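Owing to the predicted nature of the structure, the values given are computational and were not obtained by experimental measurement. Below, chains carry the letters A, B, ... as their sequence lines are ordered, and counting in each starts from 1.
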Amino acid sequence: MITLAHWDHHSETAPSPEQTDKHSSNPVLEDIKDLGTPKLSEPLPKNPRGNLHCLTIIGQVEGHMILPPHNKTTKYEHVIPQLISIEDNPDVDGLLVVLNTVGGDVEAGLAISEMIASMSKPTVSLVLGGGHSIGVPLAVSTDYSFIAPSASMTIHPVRMSGTVIGVSQTFEYFEKMQERIVNFVERNSKISAEHFKEIMLRKEQLSNDVGSVIIGKEAVEIGLIDELGGLREAIEKLYYYVEVEKKSLEEIKNQPKH
Amino acid sequence: MIYSIIPYDMIMKVEDSLNTPQTEIIEYLGYQVEVQLLDASTVQIQRIHSTDLKAFLNPRLQPGMKISKRLN
């Protein structure tokens with residue numbers, strides 16, 4: 001990634017000599033020009049209910065391999081540092097994870113899921129459109145999860161294409177990969193590993209694969225997602241968690257010291 | 001290892017990639033944005049990568065906005 005230190009808004013491409021002089025005498029513009037760090041004259045007002053951040057996980061989750069550019073991707077190396085800064089920044093009170101993903105890299109997906117699951121700040125997820133394959137552990141990784149009534153989640157086994165060398169070893173490797181996903185989902189949702197696996201290996205629903213398509217309400221009924229809802233419900237839940245968090249922090253502070 | 005509903009061959013197809021515009025992630029006004037290079041000195045914002053909700057309401061960060069390199 002490059003830092004845009006010497007770039008400015010399009011309308012300012014050809015400054016007149018007068019403007020150039022004005023710029024060089026203005027310390028705020030100097031900062032923008034030289035360091036890429038704009039200084040605002042006044043800090044933006046803080047939301048009294050808490051400052052929320054939003055992470056959108058869209059397209060393919062990109063991990064160890066750079067995918068061809070026709071894929072819309074969410075990159076592991078962008079998301080992980082963002083999650084760390086959200087956890088570390090005292091100005092951020094909660095995180096909303098919005099999912100519309102077709103799946104992607106197993107290890108990148110699991111890494112992001114584990115990061116979200118281990119965050120101390122309140123997190124809420126909202127599945128819109130689709131939360132397929134590796135989108136499933138991502139959706140259940142938050143403190144509370146929502147799914148839109150029309151959204152769907154495809155649960156299917158981890159599969160492969162191409163030449164397979166050493167069938168039994170490869171099969172075992174895939175089994176282990178799958179086990180990691182199943183375990184994560186079991187740890188972070190109300191569904192049991194057995195039930196999740198049974199859904200994953202169903203034969204009637206997908207034409208050229210085993211697996212299931214779970215739509216909206218069904219995801220809640222099987223215990224994968226907590227509630228059916230949309231943006232309003234997700235934001236309200238997050239503000240509720242932020243409030244609870246603040247209250248418990250105050251209680252800890254007000255406790256008499258021994 | 002890919003775990004996706006899109007078939008592996010479709011994800012990895014190369015011919016489609018040739019006509020796809022190249023994008024880059026840069027930091028602008030303190031926020032991470034994905035831009036498409038239009039010419040040597042102009043880029044166009046395609047997507048906001050920052051998670052900060054304030055970035056999405058900033059008119060200078062709207063997708064489609066062009067940013068030019070200042071001529072020094």
Practice item. Specify which of A:Val92, A:Val79, A:Thr74, A:Thr73 makes the most heavy-atom pairs with chain B at under 4.5 Å. Key: A:Thr73

Check your understanding: Distance-only, no hydrogens or angles: does the B:Gln44 side chain make a donor-acceptor pair with backbone N or O of B:Gly64 under 3.5 Å?
Key -> yes

**Study point:** A:Ser141 OG to A:Met115 CE distance, which is reported to the nearest 0.5 Å
**Key:** 11.0 Å

Point to revise | Heavy-atom pair count under 4.5 Å with chain B, highest-scoring of A:Gly103, A:Gly104, A:Pro157, A:Gly211 | key: A:Gly104

Practice item. Look at the rings of A:His156 and B:Tyr3 and say which category their plane angle falls in: under 30° parallel, 30 to 60° tilted, over 60° perpendicular. Key: tilted

Point to revise | Flag if over 12 foreign heavy atoms under 6.0 Å of CD, A:Glu175 | key: yes

Check your understanding: Take atom CZ in A:Phe171; do more than 12 heavy atoms of anything else shown fall under 6.0 Å from it?
Key -> no

Check your understanding: Under the side-chain contact (heavy atoms from CB on, under 4.5 Å) criterion, do A:Met200 and A:Val182 qualify, and how do the steps go?
Key -> CA-CA 10 Å; A:Met200 193 182 238; A:Val182 174; 4.3 Å; yes

Practice item. Would you please go through residues 130-140 of chain A and name the residues with a non-hydrogen atom below 4.5 Å from one of chain B, in numerical order? Key: A:His132, A:Ser133, A:Ile134

Check your understanding: Where on A:Leu96 is there a heavy atom nearer than 4.5 Å to chain B: the side chain, the backbone, both, or neither?
Key -> neither

Check your understanding: In terms of heavy-atom contacts, does CZ of A:Phe184 have more than 12 from other residues, nucleotides or ligands at under 6.0 Å?
Key -> yes

Review point. Which bit of A:Leu95 is near chain B, if near means a heavy-atom gap under 4.5 Å: side chain, backbone, both or neither?
Key: neither

Check your understanding: Considering only heavy atoms, which portion of A:Leu110 lies under 4.5 Å from any heavy atom of chain B: side chain, backbone, both, or neither?
Key -> neither

Practice item. Look only at the side chain of A:Lys75 and the backbone of A:Ile66, and say whether a donor-acceptor pair between them is shorter than 3.5 Å. Key: no

**Study point:** Among A:Ala108, A:Ser85, A:Gly109, A:Cys54, residue most engaged with chain B (heavy-atom pairs, under 4.5 Å)
**Key:** A:Cys54

**Study point:** Leading residue by heavy atom contact count with chain B [cutoff under 4.5 Å; candidates A:Leu67, A:Thr56, A:Val61]
**Key:** A:Leu67

Exercise for review: Specify which of B:Val35, B:Asp52, B:Thr51, B:Ile6 makes the most heavy-atom pairs with chain A at under 4.5 Å.
Suggested key: B:Thr51

Check your understanding: In terms of heavy-atom proximity below 4.5 Å to chain B, should A:Asn71 be classed as side chain, backbone, both, or neither?
Key -> side chain

Practice item. Report yes if some heavy atom in the side chain of B:Lys66 is under 4.5 Å from a heavy atom in the side chain of B:Leu38; otherwise report no. Key: yes

Exercise for review: Mark yes or no for whether B:His49, through its side chain, and B:Glu27, through its backbone, hold a donor-acceptor pair below 3.5 Å.
Suggested key: no

